[in-house]
There are 2 protein chains.
Amino acid sequence: MTTSTTRTTRGKGRDKAAPARPTQKDIALAAGVSQAAVSLVLNKAETPSVPPATRTRILEVAEGLGYRPNHLARMLRSARTMTFACVIPDITNPFYPGLVRGLQTVAAPAGYDVLIFDTDGRPEREARAIDWLLQGRADGVVATFFHLRVPQLAVLARKGIPLVRLESQHKPDGPLAIDSVYIDNAEAAAAMTRLLIARGHRRIAMIQAEFGPSQRRAQGYSAVMREAGLAPDFVTDSAYSEESGARAMTRLLQRKGERPTAVFGASDVLALGAMEAARNAGLSIPGDIAIAGFDDIPVAKLLGLTTVRQPEFDLGALAAETLVRRLQPGGFGSPGKSHELKFEIMKRSSV
Amino acid sequence: MTTSTTRTTRGKGRDKAAPARPTQKDIALAAGVSQAAVSLVLNKAETPSVPPATRTRILEVAEGLGYRPNHLARMLRSARTMTFACVIPDITNPFYPGLVRGLQTVAAPAGYDVLIFDTDGRPEREARAIDWLLQGRADGVVATFFHLRVPQLAVLARKGIPLVRLESQHKPDGPLAIDSVYIDNAEAAAAMTRLLIARGHRRIAMIQAEFGPSQRRAQGYSAVMREAGLAPDFVTDSAYSEESGARAMTRLLQRKGERPTAVFGASDVLALGAMEAARNAGLSIPGDIAIAGFDDIPVAKLLGLTTVRQPEFDLGALAAETLVRRLQPGGFGSPGKSHELKFEIMKRSSV
DNA sequence: TCCGCTTAGTTATACGTATTACTAAAGCAA
DNA sequence: TTGCTTTAGTAATACGTATAACTAAGCGGA
């Protein structure tokens, strides 16, 4: 009953401040309708049960208040997160940003965000990723696991979370919503090894990392070496890093006996490290020692590295398309499938 | 009142299957307590109002059902997302993965996930990022904006979302929760230009991108050139990419008149592209033409690129620490601050 | 005038969780 | 026996939204 002169001089009584984050309830109050009507209008292009004048009023109030839907509430109500998780060893490995970009390029138009979880290729971190996923962090997963296998991953499928694995070989189709996209790493490494042999090399060493796809790559190399009557020659260092590649190369160069004339790094970053160590040892590439890699990361071209090209963007895009399909109504029932993408041998100056 | 023989032969009536995603309500039913008791026990190490036997029973049931808290529900209840957003031009630019790793390394122990939003340095995508953030996608933001300024960003602070900008210069402290972490790009570029002059170069060109930090870098270069009585010389191409760098270098080399003896790329990827174009033109580096860059991305060392080192991991980590501080109780009130990190000139074989 | 149909909404509830105020029973002391 | 305190919880509600079932009023036709 108080007539306040402050209120009067402020002008219209409807000038009270909008809440920091207006809700549909705030819009409903301001527009004189129910929260349900607001939700209907904001979510449907056509609302037969709301006449145009009411609809317009609601939309104008919402815009005036600067309303943005609360993502968490929407997602809780609809029982989904609209998020894909990408579980990878290390985003700073140049192969993975391109993969993430491919994933995002498909995910974003479908309305999905992409969360990245770095495992550093360590088993306890891979297990942590599964626990994190089970808290409902993502609707679907694209992952590279060095250690976890289907028995440990099946819990995701059982909880309704589809998984697409990035693989180095064909995986048998299974009954669960666990798909894979892969490049035949053994075949690719075999092709690269044949190229090295065709270039006249007979002493060809391979630098490997401890876990992950280098084992499949090593199998392809090894098979072709044996088939050609040559002895496979491995040096292993811990990780997929330039430092590991350089250490392995240094060890190779310090060995007694005849030096290999070619070195095949199981990944580009291993090969780049090997190149650095060779140059530091005063060797010319490919004159004194040829070097090949695997991945075709962006700078491989600049360095003239001969390498196996994996289309990482396409891998990410295909994985995301697979998830989008899985997450459509009825998409969960079909068994897990394996999808192949092709590699390519990029011949450059290092071989 | 029906005695079902099926029920009897099944054995214990408590053998019914656990739901795919058990809730606290399921635990409460199975343990014979209320959902509130379950929540208390699962969230507090000490629960004085719950006796040890009840507590143990609840914990055992939860474990037996494989309960995992529903992240969305928790977050809605507590009005936060436990997520940082990282808004950057392009995750495939080698500078940013390291930044993301720094961010994650601080965010993860504090319980925060990191979402990445790629803008490609385009204004409409930067505006989209703000809209996305306003839907409650993240509690705090670390961002590189090429186009958006404080007037457009203030809405985040007003909605309670702290922002840390990655900057190329000191930013004046402001009243809002908008902080910045920066390296003095002009000073860094000035130092690199002085090095080039000290190496005897008098015709020094600079390759720039259209937007972003290259403008501050150009300012430092330009100031030192003028101070030394030399004429600044710019070539601009569209983006921060190797292709842009190569195109700009090709244009430089095709110009009439005396060729510059040194080229300063406003980023490492621009410099790498310039190196490629120079080599393709049969020029030796640094004999015919010296090349410098800015960033010290991982492969710069391998390529012997002389460059300004920005500690991208430390930038990310500092930004995350700033956000963590902001998001603690009472952290929002203080004005925005600018935090400087130091650059370093990495002298290598390209100069 | 009455009944049925259409229009324009609304009420109620669910999603899963955290937290505050409340409650009942038991135990102890006067 | 009564009253107070302590113990062991629980009921109720909030967070913001989507949606199904329901409802009231108005209009038209018999």
Side-chain angles (χ1 to χ4, degrees), chain A residues 18-59 61-62 65-82 111 134-137 139 159-160, chain B residues 18-59 61-62 65-82 111 134-137 139 159-160:
Chain A
R21 298 194 183 181
T23 64
Q24 290 185 2
K25 188 170 175 180
D26 298 320
I27 296 169
L29 282 175
V33 295
S34 70
Q35 178 264 326
V38 173
S39 185
L40 258 184
V41 165
L42 293 180
N43 282 292
K44 299 279 158 56
E46 306 286 340
T47 42
S49 68
V50 181
T54 307
R55 180 183 176 85
T56 300
R57 191 169 75 247
I58 290 168
L59 291 170
V61 169
L65 290 180
Y67 170 77
R68 290 294 186 282
N70 182 303
H71 183 72
L72 290 169
R74 269 193 176 176
M75 296 299 105
L76 179 62
R77 180 64 173 78
S78 60
R80 45 182 199 156
T81 62
M82 295 307 290
L134 289 175
Q135 290 178 40
R137 296 302 178 86
D139 298 331
K159 306 278 183 178
Chain B
R21 296 195 184 181
T23 64
Q24 290 184 3
K25 188 171 176 180
D26 298 320
I27 297 170
L29 281 176
V33 295
S34 70
Q35 177 265 324
V38 173
S39 185
L40 259 184
V41 166
L42 291 182
N43 282 293
K44 299 281 163 45
E46 306 286 338
T47 42
S49 68
V50 181
T54 307
R55 180 182 176 85
T56 299
R57 192 169 75 245
I58 290 169
L59 292 170
V61 169
L65 289 179
Y67 170 78
R68 291 294 186 282
N70 182 304
H71 183 71
L72 291 169
R74 268 194 176 175
M75 295 300 105
L76 179 63
R77 181 64 174 77
S78 58
R80 40 178 206 164
T81 62
M82 294 308 289
L134 290 174
Q135 290 177 42
R137 295 302 178 87
D139 297 332
K159 307 279 182 177

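By convention in this document, chain letters (A, B, ...) are assigned in the order of the sequence lines, proteins followed by strands, and residues within each chain are numbered from 1. In what follows, every heavy atom counts, from backbone to side chain, and hydrogens, waters and symmetry copies are set aside. Since the model is a prediction, treat every value here as computed from it, not as a measurement.
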Separation of A:His71 NE2 from B:Leu76 CG (nearest 0.5 Å): 11.5 Å
Summary of protein contacts for nucleotides 5-16 of chain C, nucleotide by nucleotide, where a base hit scores B, a sugar-phosphate-only hit scores S (4.0 Å, heavy atoms): ---BBBB--BBB
List the steps, then state whether side-chain contact (heavy atoms from CB on, under 4.5 Å) holds for A:Arg21 with A:Asn70. CA-CA 9 Å; A:Arg21 298 194 183 181; A:Asn70 182 303; 5.6 Å; no
When you look at A:Arg57 and A:Val33, which way does the side-chain contact (heavy atoms from CB on, under 4.5 Å) test go after all the steps? CA-CA 10 Å; A:Arg57 191 169 75 247; A:Val33 295; 3.5 Å; yes
So, do A:Tyr67 and A:Leu42 sit near enough that their side-chain heavy atoms are less than 4.5 Å apart? yes
What is the distance from CD1 of B:Ile27 to C1' of C:dA18, rounded to the nearest Å? 14 Å
Please indicate whether A:Lys159 has more than 12 foreign heavy atoms, meaning atoms of other residues, nucleotides or ligands, lying under 6.0 Å from its NZ. yes
